[in-house]
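First the structure, in the form of structure tokens, and then the observations on it.
Chain letters run A, B, ... following the sequence lines, proteins first and then strands; every chain starts at 1.
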There are 2 protein chains.
Amino acid sequence: MSRSAHTAAQSTKDRLIHAASDLFRRRGYAGVGIAEILNAAGAPKGSLYHHFPNGKADLALATADWASDGMLKLMAVSFDGAATVDDGITTLCHKLAKLFDKGGAWDSCPVESALSDGPDNIVFRERLGHLYEGWIAEVALYSEQLGDDPDTARARSERFFMLLQGAWTLARARQSSDVLRHLPEIARAPL
Amino acid sequence: MSRSAHTAAQSTKDRLIHAASDLFRRRGYAGVGIAEILNAAGAPKGSLYHHFPNGKADLALATADWASDGMLKLMAVSFDGAATVDDGITTLCHKLAKLFDKGGAWDSCPVESALSDGPDNIVFRERLGHLYEGWIAEVALYSEQLGDDPDTARARSERFFMLLQGAWTLARARQSSDVLRHLPEIARAPL
DNA sequence: ACAGGATTAGACCGATTGGTCCAGTGTGGT
DNA sequence: ACCACACTGGACCAATCGGTCTAATCCTGT
């Protein structure tokens, strides 16, 4: 298999990010060894340190960015054509529940797993905050577009984010996506 | 310092649990080495494997149980003499916010940090679910005692738990306990 | 005083960790 | 054709990992 064929399907860099994200989600940053990531991605060590000069840390930041982008896309799809904020949230929760089940019900938040138990680096922490604020801002934006005034939109989005994080945690503890599927009802309560 | 003096103040076993809990909370199960825990607790290796025959895994389970007990006690204190569920929740959130600040604003949930990124052991996962359900049941109980009917109490408790988990996560990302302090207002919304 | 279990102390182990380094390989520009 | 560069392959490294094992020591009950 030539490199260009690889590139066409999935570059080595992408394969590293995807494999690392999978593993981090399952066992956290510190719980996964470089060797395991390399093996899962089918790449040698040289490639990792070529694409990510700072090794594991750079790779973790990249997986977090990639996963966050995926979440933003999921939000966009969910709110696309949604008549109300509630509709968008409901669709999003259902999609996330499916994702949860597909991952074997033990995956944690891909952003948190890569960043929050990483080195107690300032860069990691700031990135975590930045990505989360991005999610909140995104839902708040959709909420505004659907008629909420800015303050309400922001408060609603923030509350939804908290409920979602908590629901995911509970779903993991229970090994069941039920709570994620029922989340829209809970979030429906007025502010 | 004799052992009995140690025992009076804090047994070696307890020192191990406290030190491990501190470290796990900060960097997660996989992120902390045995040597570091031993050093923090001022104990040699022999003691660890005497008190916890299965080593790190047993220790992690013990820290989770201990931390969960602490949370239950915090709930008991918060709801003791509370006139309404809202009062209890408000006190609890303020106490947790203080705890958050004391820990340097980067500690994660002590139960989750010890169990969720540990070995993908069934024992660990079931324990995590068990402890969380205990928290939810506890708040539901207080809620019932303060007049809610059982179904409402349970739903309220579960929603509060989710909000709390999410709020803690957000507080960590923001390096600020503000969201924990404002949580009662958010939780105040009717079901 | 003494026996015997509980506890501590730490040397030691093989495996694995993240990381470095360099020789090779393939590719695109000229 | 040739060069320059991006990329790959993997040997190698010191440090650390979790864990085992055996003496020494401490404390308690008699």
Exercise. Evaluate side chain to side chain donor-acceptor pair (under 3.5 Å) for B:Thr12 paired with B:Arg15, printing each intermediate quantity in order.
Key: CA-CA 5 Å; B:Thr12 299; B:Arg15 269 182 295 127; 2.8 Å; yes
Quiz item: A:Phe24 vs A:Tyr29 aromatic rings, parallel, tilted or perpendicular, using cut-offs 30° and 60°?
Solution: tilted
Rounded distance (Å) that lies between atom [atom2] of [N] and atom [atom1] of [X]:
X	N	atom1	atom2	result
B:Asn39	C:dA9	CG	P	13 Å
B:Leu48	D:dC21	CG	C1'	14 Å
B:Phe52	D:dT20	CZ	C1'	18 Å
B:Asn121	D:dG18	CG	C1'	16 Å
B:Leu16	C:dT7	CG	C1'	12 Å
B:Leu23	D:dC17	CG	P	12 Å

Quiz prompt | salt bridge (charged side-chain N to carboxylate O under 4.0 Å, His left out) partners of residues 61-76 of chain A, not counting sequence neighbours, each pair once | solution = A:Asp65-A:Arg127
Would you tell me if any nitrogen or oxygen in the side chain of [X] comes within less than 4.0 Å of OP1 or OP2 on [N]?
X	N	result
B:His50	C:dG5	no
B:His51	C:dT8	yes
A:Thr12	D:dC7	no

Practice problem: Any ring-ring contact (aromatic ring centres under 6.0 Å, His included) involving residues 153-189 of chain A? Give me the pairs, sequence neighbours left out, ordered by first then second residue. | Solution: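 Counting only pairs at least two positions apart or across chains, the ring-ring contact (aromatic ring centres under 6.0 Å, His included) contacts touching residues 153-189 of chain A are A:Phe100-A:Trp168, A:Tyr132-A:Phe161.
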Practice problem: Sequence neighbours left out, what pairs pass ring-ring contact (aromatic ring centres under 6.0 Å, His included) with at least one residue falling in residues 37-78 of chain B? | Solution: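 Non-adjacent pairs meeting ring-ring contact (aromatic ring centres under 6.0 Å, His included): B:His18-B:Trp66.
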Quiz item: With B:Ser108, which residues qualify under side chain to side chain donor-acceptor pair (under 3.5 Å), at least two apart?
Solution: none
Please list, for nucleotides 10-17 of chain C, all pairs of protein and nucleotide N/O atoms separated by less than 3.5 Å.
| residue | atom | partner | partner atom | Å |
| --- | --- | --- | --- | --- |
| C:dG10 | O6 | B:Gly46 | N | 3.3 |

Self-check item: Options D:dG18, D:dC7, C:dG18, nucleotide nearest the side-chain atoms of A:Tyr49
Solution: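 Of the options given, the side chain of A:Tyr49 lies nearest C:dG18.
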Exercise. Using atom types as modelled and distance alone, determine if a side-chain donor or acceptor of B:Lys56 lies under 3.5 Å from a backbone N or O of B:Val32.
Key: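 A pair under 3.5 Å: yes.
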Self-check item: Degree of bending in the helix from C:dA1-D:dT30 to C:dT30-D:dA1 once both end axes are built from five pairs, to 10°
Solution: 20°
Quiz prompt | Pair B:Arg172 + B:Glu112, salt bridge at N-O below 4.0 Å | solution =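 No, B:Arg172 and B:Glu112 are not salt-bridged.
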Quiz item: Per the salt bridge (Lys or Arg N to Asp or Glu O under 4.0 Å) rule, which among B:Glu144, B:Glu138, B:Glu133 passes with B:Arg154?
Solution: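 Exactly one pass, corresponding to B:Glu133.
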